[in-house]
Amino acid sequence: MSVIIIGAGPAGCEAAYQLAQAGEKVELIEQEAQPGGNLNNWYQLFPDRKSAQELNRQLILRLEHPNIRLHLGCMPTKIDRREGRFEVQLNDGALLTGQALLIAGGFQLFNAHRKEEYGYGIYENVITSVELENFFTNQRIQTSTGQLPKRVGFIHCVGSRDEKTCNFHCSKLCCVTAVKQAIELREILPEAEILCFYMDMRMFGPGYEEMYREAQEKYRIKFVRGRLSEASENKAKQVLIKAEDTLIGKPLKMTLDLMVLMVGMELSAGSRQLAEMTGIEKATNGFLRVKDPHFATNETNQKGIFLAGSCSSPMNLTDTLTDARSAALTIREYLKHIDL
Amino acid sequence: MKLEGKQQIWNDYQKEIANDQYYYARSCIRQTFFPGSEWAYLDILGNKLGKTVFDDPKHTTCTGIGYHSDVVPVETIMTVVARHFALMTEAGFENMTPSCITSFGIYTEILHTWEQHPEMEEKTREFLWKATGREFRKPRNLAHTSDVIYKFRNEIAAQKKYSLKDIHTGRPLQVVDHIGCHYAKMFPAKGIGGAEFPAVLSGMVTAWGGESIDYPERRHCCGFGFRNYLVLANRGFSVANSKKKFESMQPYEPDFIITNCPGCAMFLDKWQYTISEMEGITYGHNGYGIPVLTYEEMAALVLGYDPWEIGLQMHQVSVEPLLDKMGIPYVPEAKYKNAKGEDMGHPAYPTYLKVY
Amino acid sequence: MMNFWGFSIAEARVIDYDKNDKSLAEMLAEEMPTTRLCIGCGGCSATCTAGNLTEFNIRKLQMLLKRGETKDLRDQLHKCMLCGKCLLVCPRGVDTRKMILFLFRQLSEQDHNS
Amino acid sequence: MYYDPFVLPFTLGLNILLIYLIIKYARWIRTFSTEDRQTIRRNIFTLKTWKAGKEVFLESLVHHKIFRINPFLGYMHLCFGLGWFLLIVIGKIESLVYHTSIFNPPYFAIFFRYFHPAKETFPGSNVFAFFMDLILLMILSGLLLAWLKRLYSKALGLKRTTRHRPFDLLILTVLWLIFPLRFLAESFTSGLRGGGSFLTHTAGDFFNSFLPIEQLSYPAWWAYSSALGLFFLLLPFSRYMHIPTEIVYIFLKNWEVRQGKHFSGISQFQLYSCSRCGICIDRCQLGSSLGMTDTQPVYFLKKLRHGKEHSILVDNCLMCGRCEAACPVDLRLNALRLTQRQEDIRITKSTYEYIRPAAAKTTAKVAYFAGCMGHLTPGVIRSMQSIFHKAGVDYTFIDEGGSICCGRPMMLSGNHHTAAIIQEKNKASLEASGAELLVTSCPICYKTFKEDYRLDMQVLHHTEYLDILLREGALHPHCSDITTVFHNPCELGRGCQVYTAPEHILQTISHRIATAYEGKDALCCGGSLANLHISPQQRLQLAEDALNAYAAYRPDVLVTACPLCKKTFSQPGSSLPVQDIAELVDGQC
């Protein structure tokens with residue numbers, strides 16, 4: 001029996017390994033030149049500050065399994081279903097067949113240009129959370145003028161919970177990511193003033209609330225409850241922001257040397273294409289709809305096509321990997337039945 | 001309200017109260033505004049219950065009001081309190097029974113502080129010695145005088161001449177009990193029934209035939225709050241607090257209010273006049289206001305003391321409607337006569353609040 | 001209220017939710033369901049031209065209104081210039097400008113009736 | 001003396017109508033302001049009157065505008081309008097030629113065939129008869145179209161037709177009866193006594209072959225006269241009131257009587273000039289995108305005229321001006337709607353005391369004003385700053401630190417008094433800069449700066465300014481093969497008649513794709529501040545539909561020139577990039 005997995009991010013890698021271990025043949029397709037997906041852009045992970053690349057390395061290492069065939073730099077151009085088998089045509093000409101199809105196409109980050117009033121791509125010192133991770137990787141934090149930032153602001157909910165970008169959902173991870181990044185930033189910039197501008201702090205995972213407390217107490221991160229409404233740039237290339245300090249009830253303005261936009265998660269373009277090719281329904285939040293939110297979290301409206309990871313909703317890495325294992329289990333169960 | 005829940009709390013918050021041999025610490029406000037209360041307490045304990053209470057003439061204010069108003073430093077008040085303990089020790093007593101809730105709070109707080117910071121106790125001993133040449137032992141038992149009455153509520157009930165009942169209908173009187181903030185809010189374990197559902201006064205009320213009202217703002221401060229009342233600019237908040245309590249208790253149609261704190265008794269009584277003058281509002285029935293008694297006065301009435309002898313004419317809100325309900329006889333003409341039968345003069349009539 | 005002896009009874013600051021008249025808020029919610037969506041992020045009041053120069057705070061005013069506190073509404077609402085900037089930043093799609101217009105009309109009607 | 005009792009219904013009806021109209025119009029004109037009266041006096045003996053006459057001919061008779069929008073509908077209206085007019089005029093001439101007296105009563109011409117003994121010829125009598133028949137045929141053909149229109153409105157290229165109340169149906173029936181009755185009366189008379197031409201004569205012979213036309217002829221004239229009389233009596237209470245009123249309105253309009261902020265005499269003329277042709281219905285995006293089919297001007301004016309509840313209709317209008325641009329009668333539909341918005345805001349002079357003139361006097365001759373919305377589109381501001389720099393213009397950015405509202409949104413809510421106070425404050429602050437030229441990025445500000453502020457400096461929208469810079473050679477663009485479609489913001493295009501500047505710019509720097517939404521036909525983005533009714537979700541729907549309409553031309557970029565349009569279009573997250581014209585120019589220079 002063989003399973004075709006599309007997407008070799010953490011979910012695809014983990015599911016591939018679990019299925020391979022269980023004796024299934026796995027065809028793992030990845031459009032990029034290397035596996036790892038969005039994890040490649042991360043430096044450290046919450047809540048334990050694990051090295052993202054270390055986790056990535058472990059996940060990729062396990063792909064060297066005799067049952068796994070990895071197709072890098074490939075994209076499905078056509079997916080057919082013939083006599084209970086899936087035939088996936090790749091852009092490099094290969095034709096893969098399998099009894100089950102697992103979509104692990106993941107998410108993509110919100111395009112911050114769309115929030116024009118925040119000035120991303122216009123003001124020099126406005127960056128996204130991913131770019132900040134990149135700074136961390138290089139251990140180099142500086143403003144466009146080459147200075148150490150004295151005041152850094154994290155803007156939560158950029159492209160999440162925002163009717164104005166038609167993204168109504170909560171991306172769930174940005175709050176804790178902001179807290180994590182603020183802490184990392186503090187370690188590099190012991191003197192800087194670091195602020196988070198939030199609408200609600202959603203510390204849902206184990207150890208997250210504790211991180212939040214630690215950020216306040218130990219790392220002296222300041223939290224302002226207010227949504228950024230607009231930004232401008234002054235002569236010194238600092239970002240002048242406007243928000244309301246809602247807990248005080250007054251408008252607030254301040255200059256930031258560096259503004260970090262906590263961009264939210266959207267269904268990736270690849271996942272969207274796959275959904276169109278295979279007829280998988282989309283949920284109201286734009287992600288792929290699972291068959292049942294309790295009993296069939298990896299199944300879809302299409303028999304034999306399964307989902308793993310954040311193509312079904314924003315997920316942290318813990319949940320992504322758990323979801324991948326769950327998907328592997330669901331697929332094995334499915335394969336057993338079509339055997340009969 | 002679920003009685004079981006309250007009983008559980010009452011069981012959790014019990015305290016040790018000495019059985020006899022009390023050193024009595026007077027209250028500034030009580031003896032100024034309700035001198036009859038103090039006399040009644042001493043008389044009940046001495047003559048009705050046969051207890052020994054020592055009322056020491058050398059005893060002074062605890063300076064609690066000054067302390068809470070940031071006028072008296074903590075070292076000073078500790079030394080003053082240490083002197084009280086020294087007087088108690090010298091008189092051969094071990095059981096301290098302050099009449100004032102503020103004092104009770106101060107004693108509790110200081111004893112607790114000394115427990116946590118023995119060096120402060122040492123320092124206080126040194127100050128006291130340097131200032132007065134006195135030494136002291138800490139009281140073995142500290143209880144508020146209302147605790148003492150609570151302890152003997154059943155003994156009093158056995159001797160009672162009148163019940164907290166409307167003699168015309170047999171209906172138990174509905175009583176609002178107001179506990180001084182510093183009785184149990186700072187140290188819930190030191191109050192009978194704790195801070196949330198204190199039983200010290202309601203215990204007396206039920207023992208003597210009445211019913212206690214648990215109304216929403218029961219736990220709220222009477223409004224005295226030291227700086228709130230003492231600073232003129234804050235006085236509006238003080239009276240607003242009392243008003244809030246009256247409005248909250250009004251729907252329960254209370255027959256009277258009792259308090260265990262001298263300040264509260266004064267405030268709940270006199271603010272009724274103030275509110276009526278300011279806003280034309282009166283509480284209680286028919287514009288006469290809600291009578292306010294101290295628990296000593298309530299005990300004395302139950303035991304058959306003459307209302308004027310225990311000083312009920314000192315109250316702003318007339319107590320006559322309450323006396324009539326309980327069937328306690330009184331001579332209206334004697335209300336404003338002194339012990340010699342001379343007329344003391346009659347207070348002016350308020351604009352809105354009706355008086356007898 | 002009369003000022004006796006140098007003081008008067010302080011007004012309660014508490015939001016008396018039971019006593020407060022919330023009919024205007026109910027009418028507003030009925031008329032414009034999007035006003036129920038506010039999560040109090042403050043985007044509107046931050047961008048507000050009038051709010052940056054005066055006490056006018058539309059987020060607070062509508063929240064007060066929902067609790068039945070309408071005094072501030074009367075004192076502040078007219079400072080709004082109806083420019084509609086708040087509408088453009090609201091992440092919940094609350095029709096803020098229409099809400100203000102509705103309130104203007106209601107207040108004007110109340111004034112008219114009284 | 002030619003007389004017969006059957007002329008009475010017609011004569012009575014006509015006279016009552018004339019008296020009614022004279023009284024009604026006089027009363028409306030009496031409410032004109034002194035200013036309006038002066039304007040009329042100034043313009044009445046000028047070429048404007050001649051222009052008005054020409055317009056009356058083109059619009060009231062030929063229905064030239066309707067023709068351009070919809071030839072079928074135009075022909076139908078032409079048949080009725082011009083046909084009836086010619087029937088009257090030629091009929092009158094015919095009667096004059098025969099009778100050689102000007103002072104024959106009106107009914108004589110109308111019922112000429114009855115009074116004129118057919119055998120008695122006069123100069124050109126056959127020619128007249130031929131023309132009269134031809135015109136009647138033309139009217140009857142129009143009538144046929146009108147019937148078809150009621151039955152199959154879509155066949156005539158109309159998505160929707162106006163709905164009628166029972167009274168409208170009554171007068172419509174009467175109107176439709178007039179010409180068939182004339183046809184019958186004339187045919188019967190011809191069949192009986194001869195006369196007429198190819199139509200009535202032939203028909204007369206035909207009817208004579210099987211009908212007792214001797215008995216039918218006289219009643220037919222009665223019926224014809226009665227139908228005419230009844231029509232005249234009903235006319236003031238029906239939509240056909242537009243026939244006489246429109247003519248007066250055209251003259252008033254040409255004499256430059258303006259629709260002001262309040263409902264006035266000229267508003268009354270407009271209200272009664274609406275012919276309910278329904279052209280506004282198809283132009284309205286509220287209808288096409290949101291299925292709202294009751295708020296268009298035709299319904300609004302109808303409710304207003306009949307005093308029906310119209311509070312939602314007052315609010316539910318984008319004021320995009322698409323209807324106004326297409327209105328054959330040229331009614332000021334936005335302004336009319338605005339007159340019905342109430343002043344709800346009670347303010348005093350001190351309410352806006354907090355607004356203080358902020359701009360300091362500068363030496364720069366050019367002042368740039370981004371507008372409040374502009375601060376939410378920093379890309380536009382950034383591009384303008386860059387362009388100023390590239391063109392070497394010394395400028396001052398007067399609302400860099402923020403500004404107050406221009407007052408137009410307030411005005412659009414109907415609160416003119418309040419808006420005036422805001423504008424007064426703002427004007428002081430603008431003029432304090434001492435600049436000679438004010439360039440703004442916001443068409444909303446631009447419109448009100450131009451129309452209401454009476455500033456002592458020149459005002460330009462940045463599109464116009466960029467066009468000047470390009471024409472003067474201050475900027476050096478390189479034309480790219482990037483394809484563009486222009487979305488002309490309502491306030492800029494239809495609002496301020498800025499059409500050529502953006503077109504020229506886009507032709508200079510890009511490959512501009514012409515669309516069906518050029519010039520006056522531009523769509524509304526849906527973000528309109530003038531609509532006080534629709535929900536944010538409905539706005540989004542409007543934006544999506546407009547975007548899709550533009551995207552159908554597959555441009556590389558959709559170009560606009562308004563921060564509000566840009567924000568509105570950015571909401572749905574379309575794959576079509578939306579840029580301000582300033583951003584495009586900056587990128588190409």
Exercise for review: Work out which heavy atom in C/G93 is nearest to a heavy atom in D/P536; give both atom names and the distance.
Suggested key: O-CG, 3.2 Å
Exercise for review: State the OG1-CG distance between D/T377 and C/L88, to the nearest 0.5 angstrom.
Suggested key: 9.5 Å
Practice item. Pick one of side chain, backbone, both or neither for D/I534, based on which atoms fall under 4.5 Å of a heavy atom in chain C. Key: backbone
Check your understanding: Above 12 or not: heavy atoms from other molecules or residues under 6.0 Å from NZ of D/K303?
Key -> no
Point to revise | Contacting moiety of C/C90, where chain D heavy atoms sit under 4.5 Å | key: neither
**Study point:** Straight-line distance of C/L101 CG to D/M410 CE, nearest 0.5 Å
**Key:** 8.0 Å
Review point. Within a reach of under 6.0 Å around CD of C/E31, are more than 12 heavy atoms found that belong to other residues, nucleotides or ligands?
Key: no
Practice item. Over all heavy atoms of both residues, which pair between D/S535 and C/D95 is shortest? Give the atoms and the distance, please. Key: CA-OD2, 3.9 Å
Practice item. Pick one of side chain, backbone, both or neither for D/I422, based on which atoms fall under 4.5 Å of a heavy atom in chain C. Key: side chain
Review point. What's the shortest heavy-atom distance between C/K85 and D/M373, and which atoms?
Key: N-CE, 4.3 Å
Check your understanding: What residue, out of D/L564, D/D315, D/I444, D/N531, has the most heavy-atom pairs lying under 4.5 Å from chain C?
Key -> D/D315
Review point. Among C/E109, C/H112, C/R97, which residue forms the greatest number of heavy-atom pairs with chain D at distances under 4.5 Å?
Key: C/R97
Review point. What do you reckon, is CD of D/E431 surrounded by more than 12 foreign heavy atoms closer than 6.0 Å?
Key: yes
Check your understanding: For D/L376, is it the side chain, the backbone, both, or neither that has a heavy atom closer than 4.5 Å to a heavy atom of chain C?
Key -> side chain
Study note, to complete from the structure: In terms of heavy-atom contacts, C/T49 and D/I404 come closest through CG2-CA, 3.3 Å
Exercise for review: Please flag which part of C/K79 lies under 4.5 Å from any non-hydrogen atom of chain D: side chain, backbone, both or neither.
Suggested key: both
Check your understanding: What are the two closest heavy atoms between D/Y352 and C/M81, and how far apart are they?
Key -> CE2-CG, 3.7 Å
Check your understanding: At what distance, to the nearest 0.5 angstrom, does CG of C/L103 lie from CD1 of D/I345?
Key -> 11.0 Å
Study note, to complete from the structure: With chain C, the option among D/T568, D/L529, D/L540 that has the most non-hydrogen atom pairs under 4.5 Å is D/L529
Review point. Considering only heavy atoms, which portion of C/D111 lies under 4.5 Å from any heavy atom of chain D: side chain, backbone, both, or neither?
Key: side chain
Review point. Within a radius of less than 6.0 Å around CD of D/Q342, do more than 12 heavy atoms belonging to other residues, nucleotides or ligands occur?
Key: no
Practice item. Answer yes or no: is there a side-chain heavy-atom contact under 4.5 Å between C/R105 and D/L532? Key: yes
Revision key, fill the gap. On a heavy-atom basis, the closest approach of D/C372 and C/C83 is SG-CB, 4.0 Å
